[in-house]
Amino acid sequence: MSEITCKCGHVNPEGTELCLSCGRALTTDAEEKKTSDVMRYEGMARRSQTYNGSIIDKVWNFFSSVKVGVWLIVITLSASALGTIFPQVLFISPLEAPEVYYEERYGVAGEIYYILGFHDLYNSWWYLLLIAAIGTSIIIASLDRVIPLYKALKHQRVNRHASFMKRQRIYTEYPLYSSDTFSKIKDGLRNKRYRIREEDGNLLAEKGRFSRWGPYVNHTGLIIFLIGAMLRFVPGMYVDEVMWIREGETMAIPGTDQEYFLKSEGFTVETYDADEDKEVFGATIDRVGAIAKNFQTDAILLKREDGVAGDSSNLVEVEEHPIRVNQPFKFDNFALYQVDFRQGEFRSMSFNLVQKESGDSFGPFEIDLTQPEDEYQLDDDHRVELMGYYPDFSGFENGEPQSPSPVPNNPAFLFKLFSPEHPDGEVAFIAIQQNLEPLGENDYQLSFNGVETRDVSGLTVRKDLTLWILALGGAIFMIGVVQGAYWNHRRVWVKRTEEGGMLVSGHTNKNWFGLRKDLEAAFTNTGLEQPKDQHEQNLNKVSAGGAKEEENRDTTS
Amino acid sequence: MTQLASLSSTLLYVAFVLYLIATAFFAGSIKSKKHTNQTGKNRWATIAITITIIGFVSQLGYFITRWIASGHAPLSNLFEFITFFGMMLIAAFIIIYFIYRAHVLGVFALPIALLIIAYSSMFPRDISPLIPALQSDWLAIHVSTVAAGEAILAISFVAGLIYLLKDVDLAKKGKQTFWLEAVLFSLVIVVGFIAATTTSQITGYESEFSHINTEGNEDVAEYHLPALVIPHQGELVTENRFASPVEMPAIVNASRLNTVIWSIMVGTVLYLLTRLIFRRSISALLQPLVRKVNLNLMDEVGYRSVLIGFPVFTLGGLVFAMIWAQIAWTRFWGWDPKEVWALITWLFYAAFLHLRLSRGWEGNRSAWLAVIGFAIIMFNLVAVNLIIAGLHSYA
């Protein structure tokens, strides 16, 4: 490692731009750079700017570059925007086949969208890779800067070389140094809550240094957040299940290993009523029609005491709790959410057995459509046997009735009707609006007596043990971003020259307006003009028009 | 309650008129021969900011009375949200004004707020009850913080626009001159939209089309402006109404597209008229207003408002949003288009800050970034709700 010895005699590590002791520029490169660029990291040696030999150096240098970081951000935001052109596959109905859906709806553009994988963009390998690259960039870029910056700010010297003072944006040379003026400036700055350090008649006043750590704090928060997001994929951390529960039904809650059961006491939908609810809602209800007010499942949570999984005989009631939108039911790291419903699902159907000729009726009997019985005894002589049950009847295929699902959307039955006249039974096929007698004309028939319906609640079962990590990351991020954005790091140097003059310079990482105000206050009693903002002056020279007004801008406010 | 609701509307109207008057006074404050300074004390400016504050209080009155009348925070549809956004823009302007005392900000911030409030009132203004998904205290917390954050960020657009109007050399034809005029032209289009919609509201023009929607079912589309484009297999149902033969595919909301076409047409006519009358581009027309502006100060105001607005936006648009999404939608993040665009906005301003802090993008470049940032916010506010269907389409 080749060290750099400054004219003042201080030995600086390789790569240093400004001497750690006196602040002289150590290289011609540093001398020619803009002051704001050199001062950003206090002219300290940064690993990425010093080494470029090995592969590790090259990777480090790549990710430590803010330019690379900004490109990664811009690419990610453009990619994210692409994903909103057409709906993502997770928003389209699961009944639709995506390979057909996009082309059918959006034509060639949709087809290309699908082929490029943009329909599931946020889960694509390259999108995740982009996020990972941003994460890497955040870690490396922060480490590359925070350590040298910390060292530089910790070991600041009060007395800086004149060349350092001169190149600051706020700088003025005063012909006369007096200890009276000096202490007035000092007191003025102290009143503005600057921390003062003094050395041989030189001054360093500093405030808000902690705002310089803001970016590194918020980057730490982001990294914690990203780690939290990754932990979701660790088994046991995350549960996302859907359960459809019918009114009156008790079922095991998926994802709980059959430990918890839920009983639905009933599902309710309420809509706003122009008469009952606030009068002011009337106009909207007239315009758009019924507006939902409440979706609610009244549920009872049950816990299996002991016994084998799936055994629902040993259930103990834990809690009765309504589940509403925005009010999930929480228990033992789980939460149940009201997300969907189906109204009017067939629950049971009842029939009478009727003798066609006489009209004599036997029954009625009721068939539970989720748990039908094999046989229904109507009286001593009459009974009905259920030979086949097709809950979601869709038609015949090769003479066989078909049922694509077990949900009783369109129930159909194959019955055998037993009566004293027909001890061997007559066969009848019954579906909604359909009555077939496949083996010839029967003497008996079944007449429809009624149907009972019930609602089904769609609930989401969620467990997410990563939430607290995400919350922690988010909180740290917010602290860091506020720390960096709402405070400024301001410094003022006063130097006594050997010729008996006084140099004053100032630097802030942002909000120059605020620094100028502080200086204005500190200089009011000194009888001196406050130090000038060289940037402001240069700009005034350029803009010919209203330069005059601008110069006295600060004094008039 | 209905009385309170009508009082509420009146207060909003009063606020609108007051902002209009205040704009005139701010314009006077920078034109005034007696007060050549652009900042600091100035009688015109004092009157202007006083009227602005009274207007703000009036609008706050609108907000509170509407809240009481409806029983929930009036932030539940596009009209309420955009109006509140306009109010927050005024609030952010008042705060920034008292820090920097730059009168010229008022000349541009107030008209933009006026435009936003006028725009909002083109949407249904009825007080509507809350659907279950919105019944939460997080409605007030999340939505108001987002609006506040976006409004503060919008001040950087105002400062950036002023910066560019002075900085860009309009005598030279180039990209910057073109795009600056394009930004102003897009504001004129908003005026066109407001003019077209208001005319149709006053005349009560209405026509209905039966058509086939994306699901292949028969549906009815309502038009409030003469139909230049008609829906998929659209049939005019209303008598004596205009219908063009240009038919749109089912995925296009033809009624909305029709409004967009009308807005662009009216806006373009207005734009051409201005150019014809003044024989100058709008940028050139506005330039005298900013001749005395201190560029450095505008740059600083722009940067400062991003610094103040970014954390507020993050809190409202991402942190509070995620907390509420976890409660209402079972997951804190679900790639809903509005969520994605909030992320895009956040990433954009993160890039803005990195470019400024580490790559020294100041002045002109920073001003352009502020303009682009505002365009993204507006896209998320308007287009995502109206064009891209998602969970956030409440209006």
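Just so it is clear, the model here is predicted, and its values are computed rather than measured. Letters A, B, ... are given to chains in the order of the sequence lines, protein chains preceding strands, and every chain is numbered from 1.
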**Student:** Output the option from A:V288, A:L467, A:T271 having the highest count of non-hydrogen pairs under 4.5 Å with chain B.
**Tutor:** A:L467
**Student:** Only counting residues at least two apart or in another chain, list the ones meeting salt bridge (charged side-chain N to carboxylate O under 4.0 Å, His left out) with A:R169.
**Tutor:** A:D533
**Student:** Looking at B:S136, B:P311, B:P249, which makes the most heavy-atom pairs under 4.5 Å with chain A?
**Tutor:**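 Sorted descending by pairs with chain A, the first entry is B:P311.
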**Student:** For the pair A:V325 and B:Q135, evaluate side chain to side chain contact (heavy atoms under 4.5 Å, CB included) and give the outcome as yes or no after the intermediate values.
**Tutor:** CA-CA 8 Å; A:V325 178; B:Q135 292 166 13; over 6 Å; no
**Student:** To the nearest 0.5 angstrom, please state how far the OG1 atom of B:T330 sits from the CG atom of A:L336.
**Tutor:** 11.0 Å
**Student:** Side-chain contact test, heavy atoms from C-beta onward, threshold under 4.5 Å: evaluate it for B:R331 versus A:Y337 and give yes or no.
**Tutor:** no
**Student:** Heavy-atom pairs under 4.5 Å with chain A: which of B:V319, B:V306, B:L315, B:L343 has the most?
**Tutor:** B:L315
**Student:** Quick one: of A:R105, A:E104, A:Q338, who has the most non-hydrogen atom pairs under 4.5 Å with chain B?
**Tutor:** A:R105
**Student:** Tell me the closest heavy-atom pair linking A:V280 and B:S70, and the distance in Å.
**Tutor:** CG2-CA, 4.5 Å
**Student:** So which of B:R356, B:E300, B:H354 has the largest heavy-atom pair count under 4.5 angstrom toward chain A?
**Tutor:** B:E300
**Student:** As an exercise: rank B:A351, B:S128, B:A328, B:S358 by heavy-atom pairs under 4.5 Å with chain A and give me the winner.
**Tutor:**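 Most heavy-atom pairs under 4.5 Å with chain A: B:S358.
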**Student:** Just wondering, do A:D464 and B:F332 contact through their side chains at under 4.5 Å, heavy atoms?
**Tutor:**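 Sidechains of A:D464 and B:F332: in contact.
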**Student:** Where the side chain of B:Y303 meets the backbone of A:K510, is there a donor-acceptor pair that is under 3.5 Å apart?
**Tutor:** no
**Student:** Tell me, side chain or backbone of B:W346 under 4.5 Å from chain A's heavy atoms, or both, or neither?
**Tutor:** side chain
**Student:** To the closest 0.5 Å, what do you measure between CG (A:L77) and CD1 (B:I376)?
**Tutor:**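 Taking CG in A:L77 and CD1 in B:I376, the distance rounds to 6.0 Å.
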**Student:** What part of A:A335 is in contact with chain B, defined as an atom under 4.5 angstrom from a non-hydrogen atom: side chain, backbone, both or neither?
**Tutor:**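 A:A335 has no heavy atom closer than 4.5 Å to chain B.
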**Student:** Can you confirm if the aromatic rings of B:W335 and A:Y127 lie within a centre distance of less than 6.0 Å?
**Tutor:** yes
**Student:** Which atoms of A:L121 come close to chain B, meaning under 4.5 Å heavy atom to heavy atom: side chain ones, backbone ones, both, or neither?
**Tutor:** neither
**Student:** Can you tell if the side chain of B:D299 reaches within under 4.5 Å of the side chain of A:W512, non-hydrogen atoms only?
**Tutor:**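 Side chain of B:D299 against side chain of A:W512, heavy atoms only: no contact under 4.5 Å found.
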**Student:** Need one label for A:F295: side chain, backbone, both or neither, based on atoms under 4.5 Å from any heavy atom in chain B.
**Tutor:**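 Looking at A:F295, backbone and side chain both touch chain B.
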**Student:** Under a 4.5 Å heavy-atom cut-off, does chain B meet the side chain of A:T460, its backbone, both or neither?
**Tutor:**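 Contact with chain B is through the side chain of A:T460 alone.
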**Student:** Would you give the length of the straight line joining atom CG of B:L130 to atom CD1 of A:I291, rounded to the nearest 0.5 angstrom?
**Tutor:** 9.5 Å
**Student:** Go through the atoms of A:V481 and report whether side chain, backbone, both or neither lie under 4.5 Å from a heavy atom of chain B.
**Tutor:**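 Both backbone and side chain of A:V481 come within 4.5 Å of chain B.
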**Student:** Working to the nearest 0.5 angstrom, can you tell me the gap between B:I127 CD1 and A:K278 NZ?
**Tutor:** 8.5 Å
**Student:** When rounded to the nearest 0.5 angstrom, what is the spacing between OG in A:S80 and CH2 in B:W341?
**Tutor:** 9.0 Å
**Student:** Quick one: CG on A:L470 to CD1 on B:I323, what's the gap to the nearest 0.5 Å?
**Tutor:**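 Result: 11.0 Å between the selected atoms.
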**Student:** Hey, which of B:L355, B:I327, B:T345 has the most heavy atom pairs under 4.5 Å with chain A?
**Tutor:**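 Most pairs with chain A among the choices: B:I327.
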**Student:** Measure A:W71 against the heavy atoms of chain B and call it side chain, backbone, both or neither at under 4.5 Å.
**Tutor:** neither
**Student:** Go through the atoms of A:R145 and report whether side chain, backbone, both or neither lie under 4.5 Å from a heavy atom of chain B.
**Tutor:** neither
**Student:** For the residue pair A:A485 and B:L307, what are the closest heavy atoms and their distance?
**Tutor:**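 Nearest pair, atom of A:A485 first, then B:L307: CB-O, 3.3 Å.
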**Student:** Quick one: what part of A:Y486 sits under 4.5 Å from any heavy atom of chain B, side chain, backbone, both or neither?
**Tutor:**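 Just the side chain, heavy atoms under 4.5 Å.
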**Student:** Which bit of A:L72 is near chain B, if near means a heavy-atom gap under 4.5 Å: side chain, backbone, both or neither?
**Tutor:**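 Interface part for A:L72: neither.
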**Student:** Could you tell me whether B:D137 atom CG has more than 12 heavy atoms of other residues or ligands within 6.0 Å of it?
**Tutor:**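 Result for CG/B:D137: open.
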**Student:** Between A:N218 and chain B, which part of the residue has a heavy atom less than 4.5 Å away: side chain, backbone, both or neither?
**Tutor:**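 Answer is neither: A:N218 stays 4.5 Å or more from chain B.
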**Student:** Can you check whether B:P124 reaches A:R287 side chain to side chain, under 4.5 Å on heavy atoms?
**Tutor:** yes
**Student:** Side chain, backbone, both or neither: which part of A:R462 has a non-hydrogen atom closer than 4.5 Å to chain B?
**Tutor:** side chain
**Student:** Spell out, as yes or no, whether a donor-acceptor pair under 3.5 Å connects the side chain of B:Y100 to the backbone of A:F513.
**Tutor:**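 Absent.
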**Student:** Identify which part of A:F477 has an atom lying under 4.5 Å from any heavy atom of chain B, answering side chain, backbone, both or neither.
**Tutor:** side chain
**Student:** With under 30° as parallel and over 60° as perpendicular, where do the rings of B:H72 and A:F281 fit, or are they tilted in between?
**Tutor:** parallel
**Student:** Quick check on A:I134 against chain B: is it the side chain, the backbone, both or neither that has a heavy atom closer than 4.5 Å?
**Tutor:**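 No part of it gets close to chain B.
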**Student:** Is the closest side-chain donor-acceptor distance between A:N326 and B:W324 under 3.5 Å?
**Tutor:** yes
**Student:** Pick whichever of A:I73, A:N511, A:D240, A:V70 has the most heavy-atom pairs under 4.5 Å with chain B.
**Tutor:** A:N511
